[in-house]
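Below you'll find the structure, written out as structure tokens, and then a few comments.
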Number of protein chains: 2
Amino acid sequence: MATIKDVAKLAKVSPSTASRAMHDNPAITQKTKARVWKAMQTLHYAPDFNAQSLANKRSNAIGVILPVDHHEIFTNPFFLKVLRGISEACYQAQAMVNLATGSSQAELLNSIDIMVTQGMIRRFIVLYSEKDDPILTKLRQLDAQYVMIGKPYQLVNETPYVDNDNILAGSDAAQFLVDHGHKNICFVYNDLKKMVQNDRMLGYQRVMMDNQLLINSFELPAQEYPGGRQLVIQYLTQHPEITAFITVDDMLGLRIQQVLKSSTMVADREASIIGFNNSVFSEAAHPALTSVEIFPRRLGHEAAKIAVGLQSDDHLSTKLIVPHQIIERHSVATV
Amino acid sequence: MATIKDVAKLAKVSPSTASRAMHDNPAITQKTKARVWKAMQTLHYAPDFNAQSLANKRSNAIGVILPVDHHEIFTNPFFLKVLRGISEACYQAQAMVNLATGSSQAELLNSIDIMVTQGMIRRFIVLYSEKDDPILTKLRQLDAQYVMIGKPYQLVNETPYVDNDNILAGSDAAQFLVDHGHKNICFVYNDLKKMVQNDRMLGYQRVMMDNQLLINSFELPAQEYPGGRQLVIQYLTQHPEITAFITVDDMLGLRIQQVLKSSTMVADREASIIGFNNSVFSEAAHPALTSVEIFPRRLGHEAAKIAVGLQSDDHLSTKLIVPHQIIERHSVATV
DNA sequence: AATTTTCCTGCAACCGATTGCACTAGCTTC
DNA sequence: GAAGCTAGTGCAATCGGTTGCAGGAAAATT
């Protein structure tokens, strides 16, 4: 591998000039820069990241923080897609991608500590947004920068983030059902402490109120908790008027669909369903689920672009809203 | 942050001695080592990874290579679980996890090149096994070490890997059906160029032959190719004798189940299904799919442990077989 | 032509580790 | 007691970059 000294030698300048030329330092003449650049080309020069990080006290890597391990999370293809987007943007920006996970919060905190203090990683992407998250406190305390995927709960103005307009997405989903003639619509969620779910519900509520319709909601616990099926049956029998469901994730929609199709307790009961995330689940269902696509890969891509551009001294924060899109399939009927 | 010089000063030795003491170099007296170790403790010393990598010409990071982007892959929770296991083991070994993905092979190859030449990453985990994979060629050519998840096609003896015994898993699944009285069993796959699928089929075939039963197989293309549903219906009508399916992934099982339940073309047709991967899909189905759990997280964990232990000079290769387990649910009936 | 100003470039130190080699004790041995 | 060993430690160079500061050359001013 060619080093900066080789380049310098070939361009007949000193390593310091070469270094400055590479960073397009204004102190260097165009003519000199050109010489250096040509030398870089011919030698296929590429800087050593470790040497650079050492000298700069800052790694070129972006740390990616997944939520603390939890059955549901590591089952959700959403994160993998986001990772793909991040990876893509980082590749284009010549940055490395460093993963941080943990089976407990303590472990994750420690991982992050190591990445910052020993790895000199100073830029992170946090793949979720939760209330009172100690991880964010830690990052701030370590003087690291981060961009979030999802809208932050705290320091909303100071935190760069990329997100969908989940309130709008919730509204759109509700409006879609209303437009199809539904009046008794139920919102199915999982955990309202998550900003996404909360926002989508807000959007749903807004539309219902605008149309003077009743608000119904239902908490369906994660798959690993038993009895979910029973809860759905119960809800359905207690609310015979409900003709449509908005589910905060396709998976929930699928589960409700399964119950509708298979339980003798609710035989002949029909209901429209619209989900979120446009995941495999929605395609796999029959009838295929209408779902709101939120473009996770794009979310990741944009977040990474912001993270890569983060300077250690800037305190302005970029916010980016990625559009969503309703993918119509066959699970919503017109009444 | 304390540096090695601070430690050295406190222990009243030179940095070189401190360094040697930290690596438990036999040239250093126990007494001196003890002094250095105590100094490390009191200063909360932790080495700078970048400086270390620079001096050693080898990073402490493990590169993780995902397969080239492909709708199906980034939808499969398997990889996320494996990542979790890798991350866990790396955390314990104080190694960083570096991700490599690409939307094309060229991009992925380039990513890897960068990781090795600029990042000094010399140890990789490859999350898949494919025939004639140029990625592996590249890794070898770059003089990097790798451990695979899944059995390699080439250099089987020289390549460390961790895998399930997929042949056995295939046999077990088939035997499970045979034990439940099934005689006409069909094996459903996706892409036989993948070692996993091939092996599972082999196992299936073995059991069928041992029991003097006919071998039936069926290729169900990935979800994104249209017409899959039609293919299933066609197969079912052309093979009325089939009473059970082994599907190489739960997703495929789910898709077959959907057809069975919903198509009027095959009304009243019943069939048992056993899938692989014990993914959410299997739980979400109704009746819930019986599935073969292959413990992806454990696969990742073990692979990472091997990768971390890899020395640049050793040419012995560890192989590790992670057991599988049939998770009985309700999709297999006794005939 | 001499002096000042402006620009550009190079020297050398530094980032935080590792390691070959030389050196100094303390022991043994004759 | 001098010579020869061995074992333990430190010096200094090195890994491949970055950057403050000094200095030299060219351009501008008088």
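Proteins come first, then strands; the chains are lettered A, B, ... in the order of their sequence lines, and each starts at number 1.
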Exercise for the section: Check whether any side-chain nitrogen or oxygen of B/Thr17 sits under 4.0 Å from OP1 or OP2 of D/dG10, and answer yes or no. Expected result: yes

Fill in the blank from the handout: Atom CG of B/Leu43 and atom P of C/dA17 are separated, to the nearest Å, by 12 Å

Exercise for the section: Figure out the NZ/C1' separation between A/Lys12 and C/dC8, and round it to whole Å. Expected result: 19 Å

Exercise for the section: Verify whether one side chain among A/Thr17 and A/Ser14 offers a donor that lies under 3.5 Å from an acceptor in the other. Expected result: yes

Handout entry: Nearest atoms (heavy-atom pairs only) where B/Ile114 meets A/Met96
Key = CG2-CE, 4.4 Å

Practice task
Would you mind reading off the distance between A/Arg58 atom CZ and D/dG17 atom P, rounded to a whole angstrom?
Solution key: 18 Å

Exercise for the section: For the side chain of A/Ile4, starting at C-beta, report the closest nucleotide among D/dT18, C/dC8, C/dT18. Expected result: D/dT18

Practice task
Could you tell me whether the side chain of A/Ser14 has a donor or acceptor atom within less than 3.5 Å of a complementary atom in the base of C/dC11?
Solution key: no

Handout entry: Interatomic distance, A/Ile28 CD1 vs D/dT19 C1' [rounded to whole Å]
Key = 12 Å

Handout entry: Interatomic distance where CE belongs to B/Met1 and C1' belongs to C/dC15 [whole Å]
Key = 14 Å

Handout entry: Residue whose nearest DNA chain C nucleotide is more 5′ - A/Ala27 or B/Asn50
Key = A/Ala27

Practice task
Examine the base of D/dC11 for any acceptor or donor lying under 3.5 Å from a partner atom in the side chain of B/Ser16, and report the outcome as yes or no.
Solution key: yes

Practice task
For A/Asp133 and A/Tyr153, test the side chains for any donor-to-acceptor distance below 3.5 angstrom and give the result as yes or no.
Solution key: no

Practice task
Verify the neighbour count for atom NZ of B/Lys9: are there more than 12 heavy atoms of other residues, nucleotides or ligands below 6.0 Å?
Solution key: no

Exercise for the section: Applying side chain to side chain contact (heavy atoms under 4.5 Å, CB included), run through B/Thr159 and B/Ser317 and close with a yes or a no. Expected result: CA-CA 6 Å; B/Thr159 308; B/Ser317 68; 5.7 Å; no

Exercise for the section: Mind checking B/Tyr45 for me? I need base, sugar-phosphate or nothing, with any heavy atom below 4.0 Å counting as a touch. Expected result: sugar-phosphate

Handout entry: Touch class at under 4.0 angstrom, heavy-atom based, for A/Thr3 against every strand present
Key = sugar-phosphate

Handout entry: Under 4.0 angstrom between A/Thr32 side-chain N/O and C/dT9 OP1 or OP2
Key = yes

Practice task
Please state whether the phosphate of C/dG16, meaning OP1 or OP2, lies under 4.0 angstrom from any side-chain nitrogen or oxygen of B/Gln52.
Solution key: no

Practice task
Ignoring backbone atoms, test whether B/Lys57 places a side-chain nitrogen or oxygen under 4.0 Å from the OP1 or OP2 oxygen of D/dG16.
Solution key: yes

Problem - Nearest-angstrom distance from the residue atom CG of A/Asp48 to C1' of D/dG17 - result: 8 Å

Problem - Under 3.5 Å donor-acceptor, A/Thr29 side chain and A/Lys31 backbone - result: no

Exercise for the section: Let me know the distance between CG of A/Asn56 and P of C/dC14, rounded to the nearest Å. Expected result: 17 Å

Exercise for the section: Please work out if A/Ala8 contacts a base, only the sugar-phosphate, or nothing of the nucleic acid, heavy-atom cut-off 4.0 Å. Expected result: nothing

Exercise for the section: Mind calculating the distance between CE (B/Met120) and C1' (C/dA17) to the nearest angstrom? Expected result: 15 Å

Fill in the blank from the handout: Comparing nearest nucleotides in DNA chain D, the 5'-proximal residue of the pair B/Pro26, A/Ala46 is B/Pro26

Practice task
Check whether the side chain of A/Arg20 and the base of C/dG10 form a donor-acceptor pair under 3.5 Å.
Solution key: yes

